[in-house]
Amino acid sequence: MAFVITSPCKDEKAAECVEVCPVDCIHGDEVMYYIDPDTCIECGACEPVCPVEAIYEEEMVPEEEKEYIEINANFFK
Ligand code: SF4
Ligand code: SF4
């Protein structure tokens, strides 16, 4: 169970989360940032630093944001 970045990231993208991730598993494109579920060690460091609360533990992702679980994973395929 990795952490997942959801839609509020799209307009913010300041990358505070990237700065604190100890395993460098957060990468982005022109749209938003994504977490690599195979590399994330679930340390939780990224979640509190996100100013728009876009980051959730996988099982805590709100229903309307669940598609982002796959969107995050697909970015690293
Ligand atoms: S801190 Fe939040 S909004 Fe900023 S890049 Fe990370 S997930 Fe996106
Ligand atoms: S939970 Fe930890 S390892 Fe996973 S993305 Fe966030 S900071 Fe990186």
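Every number for a ligand or one of its atoms is a count from 1 in the order of the listing.
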Metal proximity, Cys46 vs atom 2 (Fe) of ligand 2, N/O/S cut-off 2.8 Å
no
So if I count the atoms of ligand 1 from 1 in the order they appear, which ones are less than 4.0 Å from some heavy atom of Val52?
3 (S)
Looking only at protein heavy atoms, which one is nearest to atom 4 (Fe) of ligand 2, and what is the separation?
Cys40 SG, 2.3 Å
Around atom 3 (S) of ligand 2, find the nearest protein heavy atom and jot down its residue, atom name and distance.
Ile41 N, 3.4 Å
Parallel, tilted or perpendicular: rings of His27 and Phe76 (30°, 60°)
perpendicular
Is it the side chain, the backbone, both or neither of Ile35 that has a heavy atom closer than 4.0 Å to ligand 2?
side chain
I'd like the name of whichever of Pro22, Cys17, Gly44 reaches closest to atom 1 (S) of ligand 2 through any heavy atom.
Gly44
Enumerated ligand 1 atoms positioned under 4.0 Å from heavy atoms of Ile55:
7 (S)
For ligand 1, which atoms have a heavy atom of Tyr33 less than 4.0 angstrom away?
5 (S)
If you measure from atom 5 (S) of ligand 2 to every heavy atom of Cys25, Ala45, Pro37, Ala2, which option wins on shortest distance?
Cys25
Show the atoms of ligand 1 that are less than 4.0 angstrom away from any heavy atom in Glu16.
1 (S), 4 (Fe)
Please determine whether Cys21 has a backbone or side-chain N, O or S atom lying under 2.8 Å from atom 6 (Fe) of ligand 2.
no
Distance from atom 2 (Fe) of ligand 2 to nearest protein heavy atom, with residue and atom:
Cys43 SG, 2.3 Å
Using a 4.0 Å cutoff against the non-hydrogen atoms of Cys50, which atoms of ligand 1 qualify?
1 (S), 2 (Fe), 3 (S), 7 (S)
With atoms numbered from 1 as shown, which atoms in ligand 1 lie under 4.0 angstrom from a non-hydrogen atom of Ala15?
4 (Fe), 5 (S)
